[in-house]
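In what follows, chains are A, B, ... by sequence order, proteins preceding strands, each numbered from 1. The figures that follow rest on heavy atoms only: side chains count, while hydrogens, waters and symmetry mates do not.
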2 protein chains.
Amino acid sequence: MSHIYVIVDNVMQSPTWKDPVTAADRVLLEIQRAIVEGQIPAGSKISEPELAKRFDLSRAPLREALARLERCHLIERIPNAGARVVKLSVAGLISLYQLRETLEGLACRLAAEHMTDQEITEVQQLLDQHLSTQRVREGESYYQEAGDVDFHYRIILGSKNPYLINLLCDELYFIVRMYRVQLGMNGPRVSRAFDEHKAIINAIANRDGELADLLMRRHIGASRRNIESHFQAQGN
Amino acid sequence: MSHIYVIVDNVMQSPTWKDPVTAADRVLLEIQRAIVEGQIPAGSKISEPELAKRFDLSRAPLREALARLERCHLIERIPNAGARVVKLSVAGLISLYQLRETLEGLACRLAAEHMTDQEITEVQQLLDQHLSTQRVREGESYYQEAGDVDFHYRIILGSKNPYLINLLCDELYFIVRMYRVQLGMNGPRVSRAFDEHKAIINAIANRDGELADLLMRRHIGASRRNIESHFQAQGN
DNA sequence: AAAAGCCACTATGTCGACAATCAGTTTGAC
DNA sequence: GTCAAACTGATTGTCGACATAGTGGCTTTT
């Protein structure tokens, strides 16, 4: 299990993420992982003294971490009443994907305008590389997950819009992962996703922002509909 | 000067904002106002001991407030090196308005789907009301500002998308205001904005999300271009 | 004189304890 | 028996002090 996150973490740490220098940073990463994995169950109450004891530090850095957890929508705090881990719901997931559709569409439009030729070439090489790796180890969707994250990540960075980058890579990233992990959304759509990714980067290479926008929205919309149909019979 | 913010605050406090119950909440509001007004200059360093003394409280609630200020992009923190008020730039403002265009466009599309007939009627009445008030006190753009905020605010709430609402009303609201106040963007576009608002709410009333989206993006895009041309000769 | 290294000082990160607030329970009155 | 009010327990908010990392100035060396 653990090597999944090793891969993803390596992917993410380079560009926007600074390594955890302070104790609050370290505990933040640990709690993020625990919540995303479901080790701290969704909807459960957060006890500051308990977590402080569990991670062996004072409440001060812990509260700092909680503030940042609230920022990425992993917990909800009520003054004088404590914090709870967010409850997952189909409605929430749909709201989230609606946002992603629009935002990553915008990222594509801006990326078509601002990415350098070299950056585009690198992404294309990345896709070919992921394709071959996935061919070799068919069925193991970890690589698809990491590759998918990496692809979207590079497009977002290519937009060169700091607000958009911060939003998608810092604030929305973890809760998207939480939904994917806890609702088991690693699933199929493997080969189709590759083709869609290729079409998107090609549109960007042609500097056709309009088309890249459309393709990305359709790409994420397909994921969303895939999930929606998956949960039509169930409650949750 | 101060009564401007009284109006806006009254507008904002009802739906999503809880009144400041804790000391950190109170000082947060004060510092937000100070930064937005430029009383604490853009780009200046934040000294925790100094602010703690100035507002007469400990560093603990102050740091809580700083964490939330970072969340609304009003300050930037570097570990072990302190916090600075954000530096305004034309590039930053353009990035911000690009985001707003897309996000509020999405809000319109969702609002056309989710707003109740009553909510729509209320917004229409609000527009007529603001129009008459503005007619009476021509030239005083405060009312236009408050009315503009109120209009956009209601559309955003009408989207019923919690992530989108939180984003636009909590995270991006203050920095948008900071740009408007410090770069003096109360400006003209008064009567045109009214017409555009009316067209948008009419599209929503007709449940034409596509059109409402387009009109809103054009509406904000006009503001952005208005600002861009205003700063083509200057540095900043 | 300029650059590099050292040192003192300040600011940030962290800690433990106190105060205020809220939830659940028990007690009391009608 | 039921509702209300006070009490108890624990949790959160706040405080002051300590440890540590960064900043600026001074000395020393080339």
B:Q118 meets the side-chain hydrogen bond (donor to acceptor under 3.5 Å, both in side chains) criterion, sequence neighbours left out, with B:E122
Between CD1 of A:I78 and P of D:dT11 the distance, given in whole Å, is 16 Å
Which atoms of nucleotides 17-25 of chain D (N or O only) lie under 3.5 Å from a protein N or O atom, and what are those distances?
none

Between the main-chain N or O of A:R71 and the side-chain N or O of B:E171, is there a donor-acceptor pair closer than 3.5 Å?
no
**OP:** Tell me, yes or no, whether the heavy-atom count around A:K87 atom NZ, taken from other residues, nucleotides or ligands under 6.0 Å, exceeds 12.
**Re:** no
Residues of residues 43-57 of chain A with a heavy atom under 4.0 Å from any atom of DNA chain C, listed by number, are A:L57
When rounded to whole Å, the CD to C1' distance for the pair A:E64 and D:dG13 reads 16 Å
From the candidates C:dG16, D:dT14, C:dG13, the one with an atom nearest any side-chain atom of A:S58 is C:dG16
Atom CG of B:L62 and atom C1' of D:dC15 are separated, to the nearest Å, by 13 Å
Side-chain donor or acceptor of B:E104 paired with backbone N/O of B:E101 under 3.5 Å
no
B:R77 CZ to C:dG13 C1', in whole Å, measures 10 Å
Check: With distance as the sole test, does A:T116 use its side chain to make a donor-acceptor pair with the main-chain N or O of A:E119 at under 3.5 Å?
Finding: yes
With sequence neighbours left out, the residues meeting side-chain hydrogen bond (donor to acceptor under 3.5 Å, both in side chains) with B:D56 are none
Hits for salt bridge (charged side-chain N to carboxylate O under 4.0 Å, His left out) against A:E64, two or more places apart or cross-chain, chain-then-number order -> A:R68, B:R63, B:R77
Salt bridge (charged side-chain N to carboxylate O under 4.0 Å, His left out) filter on B:R59, not counting sequence neighbours, yields B:E48
Considering just the side-chain nitrogens and oxygens of B:R63, establish if one lies under 4.0 Å of OP1 or OP2 belonging to C:dT12. no
Rounded to whole Å, CD1 of B:I75 lies from P of C:dT12 at a distance of 11 Å
Is the cationic atom of A:R177 (NZ for Lys, CZ for Arg) positioned less than 6.0 Å from the six-membered ring centroid of A:F174 and within 45 degrees of its normal?
no
Distance test, side-chain N/O of B:T22 to OP1/OP2 of D:dT14, below 4.0 Å:
yes
